Amino acid sequence: QSLQNIKKLNINTATFSQLRQHPYIGYDHARDIQRYINIYGKVRDEEQLLSANIFQPEEMKLLSPYLEY
């Protein structure tokens with residue numbers, strides 16, 4: 001599958017259920033993402049997710065093509 005055909009998930013507007021269903025996110029990460037947004041507001045880039053320790057660098061590499069902010 002080429003990267004142009006990937007359906008991107010907007011991490012700021014996706015519901016908990018949409019986040020949770022993503023194969024690279026799952027329940028715990030979805031919960032942490034929603035918690036982060038509730039406290040700090042919109043996520044601007046992957047660096048925020050890394051610095052908040054929501055994802056590890058290896059996970060972010062896999063997930064990055066599927067996200068938009």
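Quantities reported herein were computed from a predicted structural model and do not represent experimental measurements.
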Please report the closest heavy-atom contact between Q34 and T15, naming both atoms and the distance. NE2-C, 4.5 Å
To the nearest 0.5 Å, tell me how far E68 CD sits from L9 CG. 8.0 Å
Is there a side chain to side chain contact (heavy atoms under 4.5 Å, CB included) between H22 and L63? Walk through the geometry before answering. CA-CA 9 Å; H22 192 283; L63 186 56; 3.6 Å; yes
Check whether any side-chain heavy atom of Y40 sits under 4.5 Å from a side-chain heavy atom of Q48, and report yes or no. no
By ring pair (Phe, Tyr, Trp, His ring centres under 6.0 Å) - contacts of Y69 (at least two apart): none
Return the CD1 to CZ distance between I25 and F16, rounded to the nearest 0.5 Å. 10.5 Å
Of the options I54, N12, N10, L67, which is the one that meets V43 in a side chain to side chain contact (heavy atoms under 4.5 Å, CB included)? N12
Indicate yes or no for a side-chain donor-acceptor contact from K8 to the backbone of P65 under 3.5 Å, with no hydrogens or angles considered. yes
Hey, what do you get for CG (D45) to CG (L50), rounding to the nearest 0.5 Å? 9.0 Å
Would you give the length of the straight line joining atom CD1 of I33 to atom CG of D28, rounded to the nearest 0.5 angstrom? 11.0 Å
Show your reasoning for whether side chain to side chain contact (heavy atoms under 4.5 Å, CB included) applies to I11 and L49. CA-CA 10 Å; I11 205 162; L49 297 170; 3.7 Å; yes
Nearest 0.5 Å please: distance from the OG atom of S64 over to the CZ atom of F55. 11.0 Å
Are E59 and H29 close enough that some pair of their side-chain heavy atoms sits under 4.5 Å apart? yes
